[in-house]
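Report on one structure; see the data block that follows.
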Amino acid sequence: MSHTEDRYNVKETEAAWQAEWERRGTFRAVEHADRPKYYVLEMFPYPSGRIHMGHVRNYTLGDVVARYKKARGFNVLHPMGWDAFGLPAENAAIQNNVHPAKWTRENIAAMREQLKSMGLSYDWGREVATCEPEYYRHEQKMFLDFLEAGLVYRRESWVNWDPVENTVLANEQVIDGRGWRSGAAVEKRLLSQWFLRITAFADELLEALTDLERWPDRVRLMQENWIGRSEGARVRFALEGRIDGLEVYTTRPDTLFGASFCAIAANHPLAAELAADNPALAEFVAECNRMSTSEAAIETAEKKGFATGLLALNPVRPEQRLPVYVANFVLMEYGTGAIFGCPAHDQRDFDFARKYGLPIVPVVAPPGMDPAGVTVGDAPYTGDGLLVNSGFLNGKTVPEAKRAVIDRLEAEGVGERSVNYRLRDWGVSRQRYWGCPIPIIHCAKCGIVPVPEQDLPVVLPEDVTFDKPGNPLDHHPTWKDVACPTCGAPARRETDTFDTFFESSWYFARFCSPQVSDRPFDRAAADYWLPVDQYIGGIEHAVLHLLYSRFFTRAMKQCGYLGVDEPFAGLLTQGMVCHETYRGEEGRWLFPSDVAKTADGGLIEATTGRPVTVGRVEKMSKSKKNVVDPEHIIGTYGADTARLFMLSDSPPERDLEWTDAGVDGAWRYVNRLWRMVGDALASGALPPAGAAAPAEVSERAVAVRRATHKTIAAVTEDLERFHFNKAVARVRELTNLLSERLSAGVDGPGEPWALREGLEAAVRLFGPMMPHLAEELWRRLGHEDLLADTDWPTAEPALLVESLVTVAVQVNGKLRGTVDLPVDVDRAAAEQAALALGPVAAAMAGKTPRKVIVVPNRIVNVVV
RNA sequence: GCCCGCUUGACGGAAUGGUAGACGUAGCGGACUUAAAAUCCGCGGCCCUACGGCGUGGGGGUUCGAGUCCCCCAGCGGGCACCA
């Protein structure tokens, strides 16, 4: 580690420091009640087999935060684990005839080695894999606790069903209405499933968003929209010739007088009843049921309706008869599964009315329009205004009319105020093998019986086969046969497993004490570490994973597991890693590693020399082959180079384009820094490590010290705000200056000391970003201790203040010059100095200033 | 379809409403070298000989002053409940 070489030996150096950190247990986390804690967590990966650049970016960001906070004196918890249940393992099993457990465990082993080569400051002693019974047994217990607490229930719900594979399909497995593997037309099917009552916390989850101040606004907004709280009314329409009525939910009860139809969901009980003796309607309902369950598919499909022949009586206009349709865009899950349509003031209702020739009656006059002459143009009007054609509501504003009409409906007993949420309860049943078994037993006599606590965990059997369509747990010869815990009669195990979001909804708590086996985690440890201070991951998890975790935390609290409401106090959502795409002849996608550059800068296929077309920069994906293997990059340039590039080119929230040139640039910088420190030491000009500051310091040396301390202050601020790219730029600026001074020849009182201070500052500031190089240089600079155990540098305030400041001078907002002024000079003096500038006088063309705006230490603007 | 975000030199990006383009990448010129690589130095938004003018996706607005705030539009991307 300490010989003099001309080139930086990355491989040896990085491996040596990784071994040293591990040997010393540098990153082991231990609870210290007297020290401030800081919990840094990156979203744990699905063990797909190899890490990808998205992981490298995510974990680099987290590692910078973890190492920085450690240097700032925090007791840091920075764990890593594996989100190890999921579909890809089953797909691999089917395609490659390898057992999901074996596949997953091998992937974990491979990826662990890859992550270790990045030099991440994890406490590997806390590693967890969610597919192991030691982990998932606890969520089985939690599920039973939730059941007892009334947070779990069972009901029927619709799924995408592949009739050939005999299996439920994920939305992403449904392509154009067909199963991705079988190609069979997908059907909707009703299955009995377990649900978690997330809607019980809808208001709380919504309101608590306000306090998540360290979450990005857009994520909070996305969750707000997802929860989708709306205030409206439930309105009951009588049905002509029937004793039952139709209850609809609406956010626009003010437009009731403009209603021209009602529509119900295809799976509304009324639709089912009517379809029983109406084959055409039955066919229409069946057609709706063939649509995917995804909202995007439903919303983009052509809006269709089927007139049932039923007529509904408008409660505010009893003489009016509204046709009742079954419509493919009405969702049973939302509101009451029935709506009334007011075409004049809603786009979808408008389209529907146009299509089926229904009346379009305006009932809201836009502001400024004559209420008497309101007509409907090419588009519905959805804004505020005054009610017209609406009986007792005429002349009221939209909000007034809402209040008035609901009051009337309530008085007449035909409706009431109602708050509705778009949020639906969380269906957690999956008809899949590679997941956590749901600890329930079905008994013919006793019904649904929870697995007794002493029988937990229900272990997922590994002796299963994938040769038949459907769920292997179902085909297992013996596993599901069990005696009923209540009556002892033969009974059957639940063969569904949990949604894999279940595992990721509490892993952050497990990390607090992964070693305990009789509970999910130790309460005291959770009380010490939680909430996670900084969570880092992709924006694609902005809603589901983060909302489920927020819900789960509340559910765990309600059951006494922990004491916090919110799992993640701070959130950073990183952008994607992108790369150019390449196609060869015949349009085949090519890996970047298959593409070579010709002398004139053109691109060819490396092996054949045939031409290559360059496509757009897109998210790295296997399908387009625009991927770069992190292992290859780390093997060639080292982890620090990869980390530096990840940090320096783009702010973390934005997408990052991976380029060879960028990596080369980072690599050159790593070597430049290494050389610069080596040369400085070899020159013998620097004082030894720890030397006291000299009494006399020249102006030149003070200038270096100012630059050093300004950099320390700025980088500290940048890291606090996650502006890593700016932090890198600033240290580079400092090392550019130091390099200049070093090559100019060190001289004058105090300069060698100032240069050492500068070099050490650069090394320390880079510590969280390029830990191996920084650790190596720190040692070479003569320090015995580890940089990883060294405190963050502090800026001396006296060196941050300047006596002069450059002030811009504008005439009518246009820059005409600058002037150097003492800091905080009075306005009159600033104005005088500005007016004295030649170009300023020229631009004023002899006119007298009408006004002079002076912003102290910034700008003087002369208005003429 | 609905919701959210982004758009600044050739490229990635800087810029509490106050000097647009920090820092880097690519490029160009030079030094070193037999040569190349590496390294070092210099140049660098666009137009103009200059004075100066024009520039932050397009259009409008607020302001002494707009990349930044407001409105409209376009393009690109993310999410939409069983991928994780």
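Lettering follows sequence order; numbering is per chain, from 1.
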Charged N-O contact under 4.0 Å between A:R218 and A:E653 = no

Check step by step if salt bridge (charged side-chain N to carboxylate O under 4.0 Å, His left out) holds for A:E831 and A:R827.
-> CA-CA 6 Å; A:E831 182 174 334; A:R827 283 164 184 271; over 6 Å; no

Checking A:R424 against A:Y334: charged group under 6.0 Å from the ring centre and within 45 degrees of the axis?
-> no

Nucleotide nearest A:D83 when distance is taken to its side chain, options B:U39, B:C82, B:A84 = B:A84

Please determine if A:R155 forms a cation-pi arrangement with A:F195, meaning its NZ or CZ atom is less than 6.0 Å from the six-membered ring centre and no more than 45° off the ring axis.
-> yes

Kindly point out which of B:G1, B:U7, B:G77 is positioned nearest to the side chain of A:E295?
-> B:G1

Contact under 4.0 Å: A:R422 side-chain N or O vs B:C80 OP1/OP2 = no

Across the strands shown, which category fits A:W226 at heavy-atom distances under 4.0 angstrom: base, sugar-phosphate, nothing?
-> base

Could you measure between the two C1' atoms, the one in B:G30 and the one in B:G77, and give it in whole Å?
-> 44 Å

B:U19 OP1/OP2 closer than 4.0 Å to side-chain N/O of A:T818 = no

Does B:G77 have a Watson-Crick or wobble partner in any strand here, with both distances under 3.5 angstrom, and which is it?
-> B:C4

Distance, C1' atom - from B:C43 to B:U33, rounded to whole angstrom = 23 Å

Separation of B:G1 P from A:F352 CZ (nearest whole Å) | 19 Å

Starting from C1' on B:C82, measure out to CH2 on A:W180 and report it in whole angstrom.
-> 12 Å

Heavy-atom pair with the smallest gap, counting every atom of A:W434 and A:T104 | NE1-OG1, 3.4 Å

Report the distance from atom CZ of A:R643 to atom C1' of B:G24, rounded to the nearest whole Å.
-> 20 Å

Looking across every strand, which nucleic acid part, if any, lies under 4.0 Å from A:V852 by heavy atom: base, sugar-phosphate, or nothing?
-> nothing

Residue matched to B:U62 through Watson-Crick or wobble contacts both under 3.5 angstrom | none

In whole angstroms, the gap separating C1' of B:C82 from CG of A:N91 amounts to 13 Å

Closest nucleotide among B:G13, B:C40, B:C83 to the A:L87 side chain = B:C83

Atom P, compared across B:U16 and B:C69: separation rounded to whole Å = 12 Å

Name the nucleic acid region contacted by A:N736, choosing base, sugar-phosphate or nothing; use a 4.0 angstrom heavy-atom cut-off, strictly under.
-> sugar-phosphate

Please work out if A:P651 contacts a base, only the sugar-phosphate, or nothing of the nucleic acid, heavy-atom cut-off 4.0 Å.
-> sugar-phosphate

With sugar-phosphate meaning primed atoms plus P, OP1 and OP2, does A:Y669 contact a base, only sugar-phosphate, or nothing at under 4.0 Å between heavy atoms?
-> nothing

Taking the same atom, P, in B:U7 and in B:A15, what whole-Å distance lies between them?
-> 12 Å

Short side-chain N/O contact from A:R218 to OP1 or OP2 of B:G5, under 4.0 Å = no

Heavy atoms under 4.0 Å, any strand shown: does A:R850 hit a base, just sugar-phosphate, or nothing?
-> nothing

Taking a pair as Watson-Crick or G-U wobble with both distances under 3.5 Å, which nucleotide is matched to B:A22?
-> none

Verify whether one side chain among A:R181 and A:N91 offers a donor that lies under 3.5 Å from an acceptor in the other.
-> yes

Parallel, tilted or perpendicular, as decided by the 30° and 60° cut-offs, for the rings of A:Y507 and A:F44 = parallel

Report which part of the nucleic acid A:R348 touches: base, sugar-phosphate, or nothing (heavy-atom distance under 4.0 Å, all strands).
-> nothing

Quick one: label A:V863 by what it contacts on the DNA or RNA (base, sugar-phosphate, nothing), any heavy atom closer than 4.0 Å.
-> sugar-phosphate

Taking CD1 from A:I859 and P from B:A15, how many angstroms apart are they, rounded to a whole number?
-> 18 Å

Hey, are A:S648 and A:Y669 close enough side-chain-wise for a donor-acceptor pair under 3.5 Å?
-> no

The Watson-Crick or G-U wobble partner of B:A31, with both key distances under 3.5 Å, is B:U39

Distance only, no hydrogens: is a donor on one side chain within 3.5 Å (strictly under) of an acceptor on the other, for A:D496 and A:Q431?
-> yes

Please give, in whole Å, the distance from B:A84 P to A:W434 CH2?
-> 13 Å

So which nucleotide from B:C83, B:G13, B:A81 ends up closest to the side chain of A:L544?
-> B:A81

Counting any heavy atom closer than 4.0 Å, what does A:S429 reach on the DNA or RNA strands: base, sugar-phosphate only, or nothing?
-> base

What is the nucleic acid contact for A:H545, judged by heavy atoms within less than 4.0 Å: base, sugar-phosphate only, or nothing?
-> nothing

Identify the pairs formed between an N or O of the protein and an N or O of nucleotides 47-56 of chain B at a distance under 3.5 Å, and give each distance.
{"unit_1": "B:C54", "atom_1": "OP2", "unit_2": "A:K814", "atom_2": "NZ", "d": "3.0"}

Could you tell me whether A:R422 sits above the aromatic face of A:W226, with NZ or CZ closer than 6.0 angstrom to the six-membered ring centre and within 45 degrees of the axis?
-> yes

CD of A:E740 versus P of B:C40: gap in Å, rounded?
-> 12 Å

Using a heavy-atom cut-off of under 4.0 Å over every strand shown, decide if A:Q431 touches base, sugar-phosphate, or nothing.
-> base

Taking atom P in both B:A20 and B:G52, compute the distance separating them and give it to the nearest angstrom.
-> 15 Å

For A:T659, answer base if it contacts any base atom (sugar-phosphate contacts may also be present), sugar-phosphate if it contacts only those atoms, and nothing otherwise; contact means non-hydrogen atoms under 4.0 Å.
-> nothing

Base B:C83 paired with A:Q173 side chain (donor-acceptor, <3.5 Å) | no

Can you tell which of B:C11, B:A84, B:U25 lies closest to the side chain of A:A661?
-> B:U25

Should B:A14 form a Watson-Crick or G-U wobble pair with both distances under 3.5 Å, which nucleotide is its partner?
-> none

Nucleotide nearest A:A170 (side chain, heavy atoms from C-beta), chosen from B:G5, B:C83, B:U39 | B:C83

Syn or anti: how is B:G9 classified when any glycosidic angle within 90° of 0 counts as syn?
-> syn

For nucleotides B:C46 and B:G9, find the distance between their P atoms and express it as a whole number of Å.
-> 12 Å

Mind checking A:A542 for me? I need base, sugar-phosphate or nothing, with any heavy atom below 4.0 Å counting as a touch.
-> nothing

Does A:Q193 make a side-chain donor-acceptor contact with the base of B:C82, cut-off 3.5 Å?
-> yes

How close or far is atom P of B:G12 from atom CG of A:D655, stated in whole angstroms?
-> 12 Å

Between the protein and nucleotides 20-22 of chain B, list every N/O to N/O distance that falls short of 3.5 Å.
{"unit_1": "B:A22", "atom_1": "O2'", "unit_2": "A:E733", "atom_2": "OE2", "d": "3.1"}

Which of the following nucleotides, B:C11, B:G13, B:C64, is nearest to the side chain of A:I853?
-> B:C64

Distance between the P atoms of B:G53 and B:G57, in whole angstroms?
-> 22 Å

Expressed in whole Å, how much space separates the C1' atoms belonging to B:G67 and B:G78?
-> 24 Å

Kindly indicate whether a cation-pi arrangement holds for A:R154 with A:W194, taking the cut-offs as under 6.0 Å to the six-membered ring centre and within 45° of the axis.
-> yes

Just by distance, with hydrogens left out, do A:D499 and A:Y548 show a side-chain donor and acceptor under 3.5 Å apart?
-> no

Is any N or O donor-acceptor pair between the side chain of A:N225 and the base of B:C3 shorter than 3.5 Å?
-> no

Just checking A:R424: base, sugar-phosphate only, or nothing, at a heavy-atom cut-off of under 4.0 Å?
-> base

